[in-house]
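This one's a predicted model, so the numbers in the text were calculated from it and none came from an experiment. Lettering of chains follows the sequences in order, A, B, ..., and the numbering in each one begins at 1.
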Amino acid sequence: MALEREDVHTIAHLARLAIEDEDVPAYAENLSNILALVEQMSAVDTRGVEPMAHPLAMVQRLREDEVTEENQREHFQQHAPAVENGLYLVPKVIE
Amino acid sequence: MEWETVIGCEIHTQLATKSKIFSGAATAYGAEPNTQACAVDLGLPGVLPVLNKEAVRMAVMFGLAVNAEIGKRSVFARKNYFYPDLPKGYQISQFELPIVGKGELSIELEDGQSKVVGITRAHLEEDAGKSLHEDFHGMTGIDLNRAGTPLLEIVSDPDMRSGKEAAAYMRKVHSLVTCLGICDGNLQEGSFRCDVNVSVRPKGQAEYGTRAEIKNLNSFRFVEKAVEYEVARQIAIIEGGGKVVQETRLFDADKGETRSMRSKEEANDYRYFPDPDLLPVVIEDDFIEALRATLPELPDARKLRFIEAFGLSAYDAAFLTGSRELGDYFEAVAKATGEAKLAANWVMGELSAALNRADTGIADSPISAVQLAGLIARIKDNTISGKIAKEVFEAMWNGEGDADQVIDKKGLKQITDSGAIEAIIDEVLANNAAQVDNYRNAEPDKRGKMIGFFVGQVMKASQGKANPGQVNQLLKAKLDG
Amino acid sequence: MHTKTLAELSAGLAAGEFTSVELTEHFLARIRQYDGELNSFITVSEEQALEQARAADVRRGAGKAGPLTGIPLAHKDIFCTDGVRTSCASKMLDPFIAPYDATVVARLGEAGMVMLGKTNMDEFAMGSSNETSYYGPVKNPWDTQSVPGGSSGGSAASVAARLAPAATGTDTGGSIRQPAALCGITGLKPTYGRVSRYGMIAFASSLDQAGPMAASAEDCALLLNAMAGFDGRDSTSAEREVPDYHAALGGDIQGLRIGLPKEYFGEGLDPQVAAAVQAAITEYKKLGAELVEISLPNTHLAVPTYYVVAPAECSSNLSRMDGVRFGYRCEDPKDLEDLYKRSRGEGFGPEVKRRIMVGAYALSSGYYDAYYLKAQQIRQLISRDFIEAFKQVDVILGPTTPTPAFRLGEKKDDPVAMYLADIYTIAVNLAGLPGMSLPCGFADKLPVGLQLIGNYFDEARLLNVAHQYQLATDWHRHLPDGF
């Protein structure tokens, strides 16, 4: 499956990645090559095969409902990019 | 053209656990920003989620209460999208295999009928944080205390046909989750929020119309109003030759309007896939059966019992089983006084009105059930009249003490001594000689109406304390005799 | 001191031949001397190291030392270390000072080990040559014109050059075994779930596993004893007892059934690598093992399957790198979308961006079934191959890589050629099995790695099979010239 430049823009937007225009053709080519490699899967008959999400057949363990974490706000925010009054700041969110 | 409205609801109930769904941080409301957001809630690099047992228990309780299939094997999935209140860039939710499958519940309509609404599914997920829009130099502040609070998202079938039905459904789910004790039901704090999907179609048409989703409604009244506005808007668009756009809208309670949400304009591709950090949740039959045994009396059963045991109307019984606290309160008053109807009238009348005015709930009522029962007992034994009782209630609400204390202090005890009442009557008759003459000259069939004047004067002169029955009887004897 | 194994260092410390401070200073000096050329460390935490070394000496003085107390090691820069930069070799996390310790770091710390610093790696562990690091490539100590392998290239190179006696690594598709092979050291990827992933920055959550990298299988056993075990903070951590891996070394391997998958000896295998592996097979015969030819028929599908599963998981795992709460944030974002796109666009290197895009594409609406679901089904088939094989044999043996270390820059611009460097290691991650690589010879003076694959949670046997080989051979004792 060959990707066009437009596809690269669409995927980059979905993944919130800024891609320089000049780099788009190279990404299109590399991604197409990777998808061609992946394409080998389509030759396999997988009808009735249970998809495998985890290597081990374990089930989810449940935690007791206890408060075990203390406030560490200052520690966590020490190296945050932009913080004020304990809040993380981002450009204005419009609803 | 006649239009039919189709409504489905997605209700987000915050589960009343002590800790978050995937971390050991506290869920308490109202903490300083980001003081209840631990490394897991912040989505710091390297952290991993571990599922809270209590959240699972609560979800299963809900499933049992709506007779739903319980997902014996449910799977958490990631819903991927970027938003600042979503720290990981994905929300851990359930997609293909939810913990609660198909179920149903019945809602009460105003005409006393009930209607069954299908529950499509209910799934566990984590709540997002909050964006605070106060001005931080043109920036938005992010508080992640709420991030990771367990939510049970309850999805209904598109079975509602009016705003009133939607509101009745929301009330019913609210009463159910509070009765089960799995949600505190606090609408103001956002513990219980409703998204409504609204569409219209020509009556008789099988296919659904294009729907709009109105997000985050946190009051029963808003649900009704938002639906009404939205239905009118959609009909106007279609009748004007336009097309309804599938979109997310917000309800502006001040204007009573819905408006499009700009931030959600773009069609989302959530790229759901099973969360590899979590394993399938397997629920054993004995766990389900053990939980079933702990289910409290549910609102529907309680309603039936109220009708049968207390002789209440279906409407009153439904109202009084609207929440566990309200039902408990009523039941305590009814049992203490043996006057179920009087108890129902007081709880639904004076008390509910006062609670509404004070914008508070039954749990915070300044008058306890025992105190209200004390007041009703004084009505019952003729110590006070119903009218005086309202005055006593006021005083009790304002913290002036129990009914007996208020009655004593204010001297509101009813006058039942015939001699004392006669003395007042004599005085009233003496002061209104002309009216007495008119009465005595009137035809007997007109007198019935005319006596009301004298009753009023006597009650006024006694400051409302004279026993109205005795006043009537004695007046008649004096005037006619 | 630096030529000693962990067991020897442990004995030296116990006998008072040297202190932990002396040992630590020795390795810090070697790092200062040689790492300018190798670039195997991103951060050297000299002060903390000496502090930990002093604490270890005090602990030993108090009679509370364990077998690893006072021995230095290096952590791959993918493990969160409280108060120390944890960059994952990315510009994105260059400013990230982790506020907590990964479970692996905490456990090795509790064992008394001294952290020398954080090793270089491929950015977010995505790469097989260590060339995608924001901090520049690592050089292979055996030939500084060649790559050390990846993604745990810094860990492998630092151990190979004995700038650290041991290091931690992580392995998602071969990232411990492949660099161990290319640098001539011993590395173990345990069974999925054996070692906690908490605090290990996730690349592909269903494939990632941490493991030890050291000079010998015995050293790996000592390290795994401290690393392995259940962790309540990781839902995928196995609630299983941890055997004493070190104590389990020593039994002979008479009658051991070793499977040789024919698919691992076919086209594309370098003849010199094949020859070295054949020699190892001969050695095992001498040790009494029985050799059985087996087939893993879906081997050719491992790389395609992996390049759907791993990118899909990584595209989601890396979404938290958004410039809001930690890490890199672009200058003057004009709005929210700009903040996301430029922070991520500028913070991630090209290979990371490629994989995020492949993953986002494979999960997107309309493609999920053809890519992600299909890959999960084939993953099942690949796992079944191994389950069938382990009905006939006790361990599986083959080459770790098709070729020895390749030249720096040789595959840098051809992602697909790079991916094929992991052709023999990837299936093990898809199945979740333990695997290891140990040195078994040279090809044109470059080390060759022998891969051993075990059954689920059979690390003890795997380590002993490697250990018996290392008792009979000395490939693991060879050191590169000039260090």
Using non-hydrogen atoms only, which part of [X] is less than 4.5 Å away from chain A: side chain, backbone, both, or neither?
X        : answer
C/Phe386 : neither
C/Ile97  : both
C/Leu339 : side chain
C/Pro350 : both
C/Tyr372 : neither
C/Asp82  : side chain
C/Arg384 : side chain
C/Ala98  : neither
C/Tyr306 : neither
C/Val416 : side chain
C/Ala431 : backbone
C/Leu430 : backbone
C/Arg325 : both
C/Phe326 : backbone

side-chain contact (heavy atoms from CB on, under 4.5 Å) for A/Leu17 and C/Lys341? Distances and angles first, verdict last. CA-CA 4 Å; A/Leu17 293 169; C/Lys341 287 190 171 173; over 6 Å; no

At what distance, to the nearest 0.5 angstrom, does [atom1] of [X] lie from [atom2] of [Y]?
X        : Y        : atom1 : atom2 : result
C/Lys353 : A/Ile11  : NZ    : CD1   : 14.5 Å
A/His54  : C/Ser235 : NE2   : OG    : 9.0 Å
C/Arg233 : A/Arg63  : CZ    : CZ    : 10.0 Å
C/Thr236 : A/Leu56  : OG1   : CG    : 8.5 Å
C/Met357 : A/Asp7   : CE    : CG    : 11.5 Å
A/Ile34  : C/Tyr307 : CD1   : OH    : 8.5 Å

Item to complete: Answer yes if the side chains of A/Thr46 and C/Lys374 hold a donor-acceptor pair under 3.5 Å, and no otherwise.
Response: yes

| task | Assess whether side-chain contact (heavy atoms from CB on, under 4.5 Å) is satisfied between A/Tyr27 and C/Arg354, documenting all intermediate values. | result | CA-CA 7 Å; A/Tyr27 275 107; C/Arg354 275 196 286 270; 3.8 Å; yes

Donor-acceptor contact present, side-chain [X] to main-chain [Y], <3.5 Å:
X        : Y        : value
A/Gln40  : C/Pro304 : no
C/Gln380 : A/Val49  : no
A/Arg16  : C/Asp338 : no
C/Arg344 : A/Ala15  : yes

Against chain C, label [X] side chain, backbone, both or neither, depending on which of its atoms sit under 4.5 Å from a heavy atom there.
X       : result
A/Glu50 : both
A/Met41 : both
A/Leu37 : both
A/Leu62 : neither

With heavy-atom distances below 4.5 Å as the criterion, would you say the side chains of [X] and [Y] are in contact?
X        : Y        : answer
A/Val90  : C/Arg329 : yes
C/Glu337 : A/Pro91  : no
C/Ser364 : A/Leu14  : yes
A/Leu3   : C/Tyr361 : yes

Using the side-chain contact (heavy atoms from CB on, under 4.5 Å) rule, take A/Leu35 and C/Tyr371 through it: C-alpha gap first, then chi angles, then the decisive distance, then the call. CA-CA 9 Å; A/Leu35 292 173; C/Tyr371 289 106; 4.0 Å; yes

Of C/Gly432, C/Pro99, C/Pro95, the largest count of non-hydrogen pairs under 4.5 angstrom with chain A goes to C/Pro99

Pair count under 4.5 Å, heavy atoms only, with chain A: among C/Ser237, C/Gly193, C/Gly232, highest is C/Gly232

Residues 67-76 of chain A vs chain C, non-hydrogen distance cutoff under 4.5 Å, contacting residues -> A/Glu69, A/His75, A/Phe76

Heavy-atom nearest pair, A/Met58 first then C/Ala238, reads SD-CA, 4.0 Å

Taking every heavy atom of C/Gln376 against every heavy atom of A/Pro51, the minimum-distance pair comes out as OE1-CB, 3.5 Å

What do the steps show when you test C/Gln377 against A/Met52 for side-chain contact (heavy atoms from CB on, under 4.5 Å), and what is the final call? CA-CA 6 Å; C/Gln377 289 176 310; A/Met52 177 173 160; over 6 Å; no

From the list A/Ala82, A/Ala80, A/Pro81, the residue making the most non-hydrogen contacts under 4.5 Å with chain C is A/Pro81

Residue from A/Ala12, A/Ser42, A/Ala43, A/Ala53 scoring the most non-hydrogen pairs under 4.5 Å with chain C is A/Ala53

The salt bridge (Lys or Arg N to Asp or Glu O under 4.0 Å) partners of C/Asp413 (sequence neighbours excluded) come to none

message = Taking atom NZ as the centre, does C/Lys91 end up with more than 12 heavy-atom neighbours from other residues, nucleotides or ligands that are less than 6.0 angstrom away?
response = yes

